[in-house]
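A short worksheet on the structure shown next.
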Amino acid sequence: MSNTTKAFRGEILHFLSDPAKDNEQSYQYFADGILVVTNGLVESVGFACDILTTLAEDVVVKKHDNGLLIPGFVDTHIHYPQTQMIGSYGEQLLEWLESYTFPTESQFGDINFAKPRAEFFLDQLLTNGTTTALVFGTVHPESVDAFFTQAEQLNVRMICGKVMMDRNAPDNLTDTPQQSYDESKALIEKWHGKGRLHYAVTPRFAPTSTSEQLNKAGQLLQEYPDVFMHTHLSENKNECAWVNDLFPECKNYLDVYDQHGLLSKRSIFAHGIHLCDDEYQRLSDTDSALSYCPTSNLFLGSGLFNLNKAQEFDIDVGLGTDVGAGTSFSQLQSLNEAYKIQQLRGEKLTSLKSFYLATLGGAKALDLDDKIGNFSKGKEADFIVLDYQSTDLMRVRMNNAKDIIERLFVLSTLGDDRAVSKTYVMGELAHDRENKKISAL
Ligand code: GUN
Ligand code: ZN
């Protein structure tokens, strides 16, 4: 096969490390830059004046003016079956699950129901500039088949898993320890490592699994060491009290998962708001990651995530939308709310840290930073173009923004899906705001 090289010119930003640690050395910024992509992988990135002279004559250079080219967003925690119940009124976590979530999820055993919803969901991700996500299915294997079938078609790097849940949920949403093991194993064999797809062993959270089922989850991780583990942790105070009652022999909430062998560098715990120092330390020691979900934490009234503490303990943190408890697919909106959460805590969230969290930070949290997250040579060329003029208000405000740092802050404060003008997957255009078809769903 002959090599296909493409070049994309515009204002370019990407991260090399965490700005909270390395500040000026943590990122590269090219006011007039070029990203060169060969066969879907990054070949090089740099100033246009340097790169132009190195390009073969037949390479087409695509120009993106008035915008910012950055790596695709990474969403480290989201539920695809909850798309249709986003913005459900009035409850905190446990009541919200009973009133809205379980009835919605019970419909996904029918593959013909699940398929168009998986397609709509993946389209929403790309529309919002998210090119990789860690995704909850439902208890039904059909939900995961529907999701992976569409993700494979789109050639996106995605992680998904069937929920394991054998108690404290309606009968039509529960499995048994053995059934959850067998069904998860079959899905791993079918999908994990196929193209750009990965499987995540997905116990919903400690209250909906018996110890026997959590042991089965641990057994799967032993048998398949490179699959992911995805669950919820310490999101809501009533949930934490319930976990204490259900697992009195465990030291704390995280210890429930720990005692069942569920902590590793491919383990991602959503929320982690109400943690003690022992739990932070254990997450750090095992290289486990937290997913910070600002819009969800505010919407469900769960609490204010302690980002500085996670940082002190050197824990990898990614950003999650947690749709449908989260109120937007847009990671720009997640950052908008994250900034306000830090304000309420009396802390600062810098724009560099924000965009790091949404890109390379997420890739690191998912242990996928050898493949995605920035424009290092050889990485997969998933990237987006953010439009500084996406709304009248943004255009007017941008006229008063003095530098890239301020423009980033305005993007994350005012931006949403309208600010994503293009999304590229492996160097191919996968979403173009100007040529958007109306959804069939
Ligand atoms: N904890 C257990 N299940 C869920 C869920 O579906 N959403 C959220 N936000 N938290 C959970
Ligand atoms: Zn969740």
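Throughout, numbering of the chain's residues begins at 1 and tracks the sequence. When a ligand or atom number is given, it counts from 1 through the structure's own listing order.
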Distance only, no hydrogens: is a donor on one side chain within 3.5 Å (strictly under) of an acceptor on the other, for [X] and [Y]?
{"X": "Gln213", "Y": "Asp175", "answer": "yes"}
{"X": "Glu312", "Y": "Asn308", "answer": "no"}
{"X": "Gln92", "Y": "Asn238", "answer": "no"}

Per-atom contacts of ligand 1 with [X], taking only distances under 4.0 Å to non-hydrogen atoms:
{"X": "Ala325", "result": "9 (N)"}
{"X": "Asp322", "result": "8 (C), 9 (N)"}
{"X": "His271", "result": "9 (N)"}
{"X": "His79", "result": "5 (C), 6 (O), 7 (N)"}

Side chain, backbone, both or neither: which part of [X] has a heavy atom under 4.0 Å from ligand 1?
{"X": "Trp96", "result": "side chain"}
{"X": "Glu239", "result": "neither"}
{"X": "Leu93", "result": "side chain"}

Among all the protein's non-hydrogen atoms, which is closest to atom 10 (N) of ligand 1, and how far away is it? Glu235 OE1, 2.7 Å
Tell me, which protein residue and heavy-atom name are nearest atom 3 (N) of ligand 1, and how many Å apart are they? Arg204 NE, 2.8 Å
Are the aromatic rings of His232 and Phe136 close, with centres under 6.0 Å apart? yes
Got an N/O contact under 3.5 Å between Thr101 and ligand 1? no
Do ligand 1 and Glu105 have nitrogen or oxygen atoms that lie under 3.5 Å from each other?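 Among all N and O atoms of Glu105, none is under 3.5 Å from an N or O of ligand 1.
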If the cut-off is 2.8 Å, does any N/O/S atom of His232 fall short of it from the Zn ion (ligand 2)? yes
Any N/O/S atom, backbone or side chain, of His271 lying under 2.8 Å from the Zn ion (ligand 2)? no
Leu125 side chain reached by Met158 side chain, heavy atoms, under 4.5 Å: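 They are in side-chain contact.
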Ligand 1 contact by Gln82, heavy-atom criterion under 4.0 angstrom: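 Yes.
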One thing to verify: whether Glu11 and Arg407 come together as a salt bridge, which I'm taking to mean a side-chain N less than 4.0 angstrom from a carboxylate O. yes
Less than 4.0 angstrom from a charged side-chain N to a carboxylate O is my criterion; do Lys340 and Glu337 meet it? yes
Take a 6.0 Å sphere around NZ of Lys185 and say whether it holds more than 12 heavy atoms from other residues, nucleotides or ligands.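 Count over threshold, so yes.
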With the Zn ion (ligand 2) as the reference point, give the N/O/S atom of His77 that is nearest. NE2
What N/O/S atom of Asp322 gets nearest to the Zn ion (ligand 2)?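 Considering only N, O and S atoms, Asp322 comes nearest to the Zn ion (ligand 2) through OD1.
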Among Lys21, Lys364, Lys309, exactly one meets salt bridge (charged side-chain N to carboxylate O under 4.0 Å, His left out) together with Asp314. Which residue is that?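 Checked Lys21, Lys364, Lys309 against Asp314; only one passes salt bridge (charged side-chain N to carboxylate O under 4.0 Å, His left out): Lys21.
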Tell me whether the rings of Phe73 and Phe355 are parallel (<30°), tilted (30 to 60°) or perpendicular (>60°).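 Tilted.
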